[in-house]
Amino acid sequence: MTDQTPASAPNKRTIDAVNASLKRRRAKERRFRRLGAAAVALGLLFVALLFTDIVAKGHTAFQQTYIKLPVVLERAQIDPEGSGSAEVIARANYLGIIRAALRAHFPEVTARRDKRALYQMVSVGAPQLLRDQVLADPALIGTTAEVWLLADDDIDMVVKGYIDRDLPESERRVKDRALGWIERLESEGRIAKRFNTIFFTNGTSREPELAGIAGALAGSFYTLALTLLLSFPIGVGAAIYLEEFAPKNRWTDLIEVNINNLAAVPSIVFGLLGLAVFIGIFGVPRSTPLVAALVLTLMTLPTIIISSRAALKSVPPSIREAALGVGASPLQTQFHHVLPLALPGMLTGAIIGMAQALGETAPLLMIGMIAFIVDVPAGFTDPATVLPVQIFLWADSPERGFVERTSAAIMVLLAFLILMNLAAVLLRRRFERRW
Amino acid sequence: RDSIYIVGSSTVFPFSTAVAETFGRNTDFATPKVESTGSGGGLKLFCAGVGVDHPDITNASRRMKASEFERCQEAGVEDITEVKIGYDGIALANSREAEQFDLSLRDIWLALAKDVPNEAGELIPNPYQTWNEVNRDLPEVAIEVLGPPPTSGTRDAFVELAMEGGCKTYDFIKAMKKEDKSRYKAVCHGIREDGAYVEAGENDNLIVQKLVANPDAIGIFGFSFLDQNADQVQGSKVDGVEPTFESIADGDYPVSRSLFFYVKNAHVGTIPGIEEFVAEFTGEQAWGPEGYLVDKGLIPLPDAMRAEVASAAQSFAPMSRP
Amino acid sequence: MITTVEEIQRSTTAMRSGELARSQESRETVGDYSVPDARMRCRDVEVWYGDKRAIHGVSLDLGRNEVLSMIGPSGCGKSTFLRCLNRMNDTIDGCRVSGSIQLDGEEIYDRALDPVPLRARVGMVFQKPNPFPKSIYENVAYGPRIHGLTNNKTELDALVETSLRKAGLWDEVKDRLDAPGTGLSGGQQQRLCIARTIAVSPEVILMDEPCSALDPIATAIIEELIDELRANYSIAIVTHSMQQAARVSQRTAYFHLGDLIEVGETNQIFTNPQHRLTEDYITGRFG
Amino acid sequence: MITTVEEIQRSTTAMRSGELARSQESRETVGDYSVPDARMRCRDVEVWYGDKRAIHGVSLDLGRNEVLSMIGPSGCGKSTFLRCLNRMNDTIDGCRVSGSIQLDGEEIYDRALDPVPLRARVGMVFQKPNPFPKSIYENVAYGPRIHGLTNNKTELDALVETSLRKAGLWDEVKDRLDAPGTGLSGGQQQRLCIARTIAVSPEVILMDEPCSALDPIATAIIEELIDELRANYSIAIVTHSMQQAARVSQRTAYFHLGDLIEVGETNQIFTNPQHRLTEDYITGRFG
Amino acid sequence: MQDWILLLVLLAVMTAAYHLGRRRAVTGAGGPSQVHRLHSLPAYYGLYAALWAGLPALLLLALWVGLQDQLVLMLLQAQLPQEMTAGLSEGRLGLLVNDIRNLASGAMLSTEITPELQAAADQYARLDQLGQWSMWTAVLALALTGGWVAWGRTHPRLKARNQVETMVMAIMVIFSSIAILTTLGIVLSVLFESLRFFSMVSPLEFFFGTLWSPQTALRADQVGASGAFGAVPLFTGTLMVSAIAMLVAVPIGLLSAIYLSEYAPRRLRAVAKPVLEVLAGIPTVVYGFFAALTVAPFIRELGQSVGLDVASESALAAGLVMGVMIIPFVSSLSEDVINAVPQSLRDGSYALGATESETIKRVIIPAALPGIVGGVLLAVSRAIGETMIVVMAAGLAANLTANPLDSVTTVTVQIVTLLTGDQEFDSAKTLAAFALGLTLFAVTLVLNVVALHIVRKYREQYD
Ligand SMILES: Nc1ncnc2c1ncn2[C@@H]1O[C@H](COP(=O)(O)OP(=O)(O)OP(=O)(O)O)[C@@H](O)[C@H]1O
Ligand SMILES: Nc1ncnc2c1ncn2[C@@H]1O[C@H](COP(=O)(O)OP(=O)(O)OP(=O)(O)O)[C@@H](O)[C@H]1O
Ligand SMILES: [Mg+2]
Ligand SMILES: [Mg+2]
Ligand SMILES: O=P([O-])([O-])[O-]
């Protein structure tokens with residue numbers, strides 16, 4: 001060993017070089033670390049921002065204005081024969097009863113136009129609610145009951161302060177005389193905001209005060225459940241096959257590129273495909289969770305396949321060798337050893353894929369999901385809409401009352417999302433490990 | 001299938017759904033399913049054939065085209081009832097914080113056209129940057145108009161009614177119509193693409209919000225949104241007429257179009273409830289001047305016309321080729 | 001000492017690289033590579049990594065109830081050859097094997113042959129210990145489980161215990177069988193991998209430097225185990241310790257740059273090597 | 001032979017587990033663990049993995065220009081102790097270190113101390129070779145690059161070459177420096193990791209069984225390297241080969257179940273151990 | 001409802017088959033103590049039987065459920081009295097049948113109930129019932145046959161594991177081919193319309209034209225511009241918006257991933273990762289409103305305060321917000337793969353005196369590169385495919401511009417607006433959507449090929 005080299009030259013010590021640059025390197029390190037922290041903080045800030053924005057706009061929708069009026073429930077009008085049969089009671093003219101109650105409370109209103117305005121104080125859905133109330137408690141018949149009647153959306157907006165009472169009358173939807181009535185009712189304590197159960201139990205409606213999220217929620221539930229059921233096993237199965245078993249050649253390269261490319265296909269094109277294939281060829285009924293789930297499955301598959309493949313790639317080969325070495329079959333190796341290690345990544349794919357599917361509207365446009373469907377779906381083949389579509393439709397509705405309901409619907413969607421993710425996130429945490 | 005299946009225009013959608021809901025509430029029939037597919041998309045589905053899988057009714061924010069009628073005939077959808085339900089005013093509005101505009105159709109055209117005539121009567125690329133350059137009486141505000149994109153039916157209507165209307169006021173252009181129709185079209189229908197006209201999406205609420213945020217801008221959208229947001233935006237006068245129920249219903253307000261729905265007669269009597277639905281829609285309690293559709297922003301037809309259309313509709317008189 | 005090392009270094013340099021160029025053809029193996037009634041019979045085995053040939057036409061038999069040790073300088077292809085014997089090379093991208101390898105007369109690279117039972121019959125201990133990221137117990141129990149070697153939990157427990165005991169690890173881990181196998185020390189991991197392999201009682205055991213991370217006492221236990229296993233099984237072991245080779249094996253094969261240079265009775269190889277390269281290697285012995 | 005092994009087995013069983021219970025307190029180390037003018041000075045070092053104590057109050061010095069070898073049965077804590085010396089245990093979840101470890105009088109577990117220059121000064125070769133998934137060249141060039149040890153490509157090339165030469169790997173890889181380091185054989189990877197470490201010329205080098213996968217000739221080269229490096233640096237080496245310990249080290253420390261049992265001149269330890277455990281271990285020598 | 005019960009019954013049959021198959025294998029081997037004589041684990045014999053019992057029957061069930069309605073209706077139609085069906089077209093026949101069904105199910109009717117109708121309805125109910133019963137019989141018979149055959153074949157030397165694994169493999173191959181079929185479907189569903197489009201508009205204009213204004217006359221009587229179909233501004237717009245989005249998402253996402261996996265305390269990591277993932281699930285309408293009403297005016301004011309002319313709709317606003325939306329695609333996927341890099345590599349680097357950031361940049365990121373690139377590609381894809389944000393915040397004007405403060409539009413947005421606007425399926429306007437889709441497909445395909453090659457080149461396989 002005759003050659004003198006930096007490695008054996010004690011006069012040029014490493015530590016000097018290290019120390020010379022250490023400050024710079026440490027500064028870099030700190031910068032990098034701060035950048036990372038800032039990135040996370042920024043991300044979290046965005047979430048917080050969006051959440052506060054949504055909650056600030058939407059929380060009022062969980063309350064709904066009601067008007068308390070003494071309602072005369074004459075037996076002669078409701079159940080003249082005293083049969084007590086629900087059918088008879090249901091057929092009574094509750095609209096008339098409510099109108100009479102309004103007239104009785106505001107006897108000074110006589111002009112035909114004014115009366116019309118007065119009647120519009122309560123929702124068109126109020127008679128039905130009154131009917132349900134009477135049906136639930138037939139003892140009310142023959143009495144004069146103080147009943148909380150559902151207020152019209154305009155009244156609701158005034159009470160919630162979304163319509164400025166100080167504006168000139170011409171710029172307000174709620175005219176002066178209606179304002180006067182509201183103020184009188186308020187001073188009598190006959191107007192109150194109560195928890196908005198309708199929002200959670202009803203399907204959609206053109207009247208904001210009657211509009212509920214139940215239909216879309218059920219639609220989303222059926223759609224997403226089926227999507228998950230289809231896309232996760234298919235995605236993971238395809239990923240395992242392609243990553244671990246398929247011969248590595250031009251064909252599989254093509255498939256890989258192809259799957260990556262599918263991810264870049266605009267989601268509406270999947271709608272076109274669904275329209276042509278599922279509805280056109282296979283005759284799957286339009287506007288149903290079934291066809292939506294099929295389309296969304298195709299849409300989320302690339303996400304799940306790509307992330308699953310990345311997860312499989314990052315499992316060290318030595319684990320596979322170890323399993324094969326004791327005589328496990330390739331499939332056993334996959335399912336017993338590789339899959340548990342790759343599962344966190346696969347679940348991540350599922351989480352963001354499903355999140356995307358939950359929030360997607362464009363492909364549903366083509367398969368008839370942008371629809372007005374009042375009834376809450378009870379299965380995979382009932383006509384249905386989903387939450388994002390409902391949000392889209394409400395956001396596009398002229399009525400002011402839908403603004404807060406849109407935000408509230410978004411809150412419901414987010415709650416749905418969080419619940420859906422929670423299971424996956426917990427599962428993922430169980431399987432995460434470093435080696 | 002035991003419920004009515006309706007497709008079609010997004011403009012008619014709010015009215016159609018309101019009727020559907022009331023119909024579902026007040027009768028024992030199932031609530032119809034209403035899809036918003038756009039007028040063209042709806043007619044395509046509608047004309048695909050007779051049968052349970054095909055829609056019974058389609059809404060349209062324009063009349064059915066001859067080619068669409070042909071397509072229907074070919075597919076065996078022979079008898080179709082056309083029902084004109086009312087008008088949709090197209091409002092030009094801006095924020096309440098700004099001055100109300102009083103525009104003529106010519107102002108609108110000059111402000112938004114791609115090419116405009118100069119003093120010499122030659123067409124030059126639109127040089128106007130502010131409203132008062134177009135018309136000295138207008139405020140000195142940069143021209144910024146948020147309007148529908150070329151793909152939308154509202155844009156078609158706006159171009160045809162407002163732009164062409166303004167354009168025609170120049171005689172030499174009007175004369176062009178006979179000589180060189182395509183050039184006439186290009187001149188009257190071309191909308192400038194230098195940023196003064198902003199193609200906004202079809203979400204009218206968003207346009208309203210944008211107007212509130214930007215008081216210098218004018219937005220183009222359906223009358224119902226103006227009606228609902230009267231505290232935030234004001235409609236510009238067009239040719240001296242403010243967009244109101246009355247002015248649109250009377251036909252004084254120049255920028256309004258008719259709305260329709262079409263019924264497949266072959267389905268009447270087999271799909272339960274179609275007759276009743278049409279009766280509900282064409283009943284006074286719905287589309288009359290005091291009906292609930294007016295609350296939703298529909299501009300009703302004149303009284304005489306309503307009666308006539310209603311009786312034609314309820315007897316399902318088939319339309320002739322448009 | 002320095003001079004010796006320098007000399008050796010020079011000679012190895014020659015060995016390792018200088019000859020690479022001319023060693024593109026496989027050389028004649030000195031000694032008789034075949035045994036009567038062989039368990040495994042390899043003929044003209046060539047292995048390529050991409051276009052790099054790592055094994056040049058090696059023929060070698062592994063007899064019944066014998067321990068065959070493979071020695072040779074680092075990088076000469078011992079592991080590669082060993083991995084051919086249970087088709088572990090299948091898992092390496094771009095690795096190709098040609099020639100004939102038979103287990104009990106059956107061609108193992110036959111397309112029709114299922115490598116899974118093959119690997120259960122021909123077990124392997126890898127050079128780098130690779131425990132599963134599971135508990136110690138699961139590491140050992142995995143093989144018996146998938147092969148259904150035990151009928152119930154008690155039997156499995158017993159099997160795990162004997163395997164760990166045989167590998168000399170039981171006492172160290174018996175009260176933390178649930179701890180992850182990856183949290184063991186290097187030598188413990190190595191013994192865990194041995195325990196894992198013998199738990200499935202393969203007929204042939206391939207061991208790639210099984211004692212490299214073990215202290216003399218643990219080494220003794222493993223060597224004792226090998227000796228004991230020989231009664232029923234065939235064992236091929238790669239080792240760098242010539243003493244170990246001498247202690248445990250009946251036959252020894254010397255590899256060099258992808259060639260099998262010489263093979264013969266262990267005694268004979270260590271006392272009277274025929275080939276110059278073998279002799280160089282043996283006499284330069286340090287270990 | 002069998003009887004010997006059985007005896008040993010019995011004794012190790014006792015060593016490995018039987019004494020575990022009573023060894024919960026640290027024992028007195030036999031011999032003088034301190035040296036004057038020590039490079040590294042450890043006092044009462046304890047290491048815990050979770051609530052398992054792996055090192056029980058070990059005090060030990062590493063002198064200047066000396067090679068200290070650490071021996072002991074597998075799993076006794078040699079690697080753990082070694083990893084303390086450059087704070088590599090920081091990266092293990094749940095691993096806690098207490099006591100005092102000084103490098104040139106500076107407390108290395110001091111909160112204020114930056115582990116980066118520490119690790120540049122105290123290099124380490126791990127027990128399991130862990131080449132980066134980069135080319136062979138990049139593996140070696142990585143350290144010099146991050147520390148800016150060379151001024152240009154030529155110097156870096158030269159440094160890579162010398163490092164690989166010293167580790168005895170150059171001739172095997174010189175014409176495939178661009179090939180991935182992970183595609184090397186086990187022994188080659190080990191030497192690559194040695195080359196990688198010496199490329200940054202640390203003042204203290206910790207080697208955890210650096211020759212475990214090496215043939216005798218490659219081992220000789222590494223031992224020669226160690227001897228050469230000693231002129232300027234301090235080296236701590238874990239080995240299972242007592243011959244190797246005897247050949248390369250001046251002092252030897254014997255660990256047992258987390259305790260440092262005995263430390264002294266290598267000669268003295270191997271010829272005249274003081275503690276019964278040391279003696280048991282040494283005399284049971286097989287390697 | 002009935003179908004669900006059948007499904008459950010089928011599951012029960014499968015379970016039974018599993019146990020029987022298993023039992024037979026064990027007994028065949030000579031009892032539980034002799035299972036080592038079996039070729040495979042007893043469980044595989046069980047699975048073998050269960051799969052044979054279940055798979056064909058499930059297939060049949062799926063087919064039957066799909067076809068039962070049609071079959072019953074066909075039978076019904078065939079049996080309807082002549083006078084009822086005479087001269088009816090297929091569609092009308094369908095309506096008649098629909099009436100019959102409504103009657104049978106007790107729904108509201110629009111016609112009077114004639115005796116013939118009532119008879120037909122009864123017949124329908126009978127047929128339907130019959131269909132149900134035969135479905136049960138057929139499916140269960142097939143399940144039992146399958147199970148019985150498998151059971152019969154079970155003997156100790158049956159390679160049950162191989163058989164089961166072959167079936168599983170076959171299933172996985174089928175799963176993999178779904179991706180291919182999807183592609184095929186997409187190409188086919190846009191190809192013909194695209195060709196029609198190109199027969200109306202010259203490809204030259206489409207690919208190289210710089211003017212996009214798809215305004216053609218919709219009605220014959222309507223005057224309208226002939227329209228311009230130069231797609232270049234759309235592609236540049238897509239490029240710009242996606243680029244801006246990636247400029248936001250990649251740094252934030254990657255840095256977050258790194259911070260969370262390498263620096264952050266466990267708790268923060270456990271919370272922050274799922275919280276960030278919520279960003280991917282917020283409906284795009286929300287982002288759209290946010291971009292249009294909060295970000296865009298902010299940018300506009302900012303620009304005006306420094307004297308810049310900013311459109312109220314800008315690529316920047318849309319891009320920024322879209323970037324926020326796709327952060328989790330980068331952050332979560334990268335975090336997973338970074339986390340999967342073996343600790344020994346980190347140790348190797350630290351031991352050489354590398355700082356954490358050097359280790360991350362030079363060792364961990366390269367080792368995790370394929371996964372990271374995968375995440376980034378997914379994010380790009382999502383950016384390319386997004387519409388709502390762009391429509392709401394960037395406008396729809398097809399400006400050929402390099403100025404991010406201008407209003408632009410993207411390919412996807414145009415596809416969506418063309419398909420959801422007033423369509424006409426024989427005019428170039430609507431067909432353009434298909435041509436755009438096809439072109440985008442081809443362009444991203446090329447980009448992906450390039451990406452694959454780059455990843456291959458830099459891939460570092462560890463261990
Ligand atoms: N990451 C870890 N988590 C928990 N326990 C550990 C971990 N690493 C090592 N141990 C335990 O600490 C003890 C000492 O381990 P160490 O690796 O220091 O042994 P060693 O002396 O290096 O042994 P070998 O010669 O086998 O490498 C062993 O009992 C081992 O099981
Ligand atoms: N995956 C691989 N890709 C490319 N070359 C490889 C690969 N594995 C091994 N090699 C090369 O093949 C040759 C033989 O390697 P092998 O691992 O068989 O050596 P070995 O005899 O086991 O050495 P050691 O004693 O160091 O473990 C070496 O030159 C090595 O660099
Ligand atoms: Mg090897
Ligand atoms: Mg160790
Ligand atoms: O949806 P429209 O056809 O009314 O624009």
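Proteins get letters first, then strands, A, B, ... in listed order; numbering begins at 1 in each.
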Are more than 12 heavy atoms, taken from residues, nucleotides or ligands other than D/Asp51, located less than 6.0 Å from that residue's CG atom? no
Under 4.5 Å from a heavy atom of chain D, the part of C/Gln127 involved: side chain
Quick check against the 3.5 Å criterion: does D/Lys128 have a side-chain atom that pairs as donor or acceptor with the backbone of C/Pro129? yes
Would you find a donor on one side and an acceptor on the other, under 3.5 Å apart, between the side chain of C/Asp215 and the backbone of D/Gly72? no
Determine the sole option in D/Gln189, D/Arg191, D/Gln190 for which the side chain to side chain donor-acceptor pair (under 3.5 Å) test with C/Ser74 is passed. D/Arg191
Report which part of C/Glu228 has an atom under 4.5 Å of a heavy atom belonging to chain D: side chain, backbone, both, or neither. neither
Pick one of side chain, backbone, both or neither for C/Lys52, based on which atoms fall under 4.5 Å of a heavy atom in chain D. side chain
How far does OG of D/Ser212 sit from CD of C/Glu209, to the nearest 0.5 angstrom? 7.5 Å
Please find the pair of heavy atoms, one from C/Pro216 and one from D/His240, that lie closest to each other, and give the distance. CD-O, 3.6 Å
What residues form a ring-ring contact (aromatic ring centres under 6.0 Å, His included) with D/Phe126, not counting sequence neighbours? none
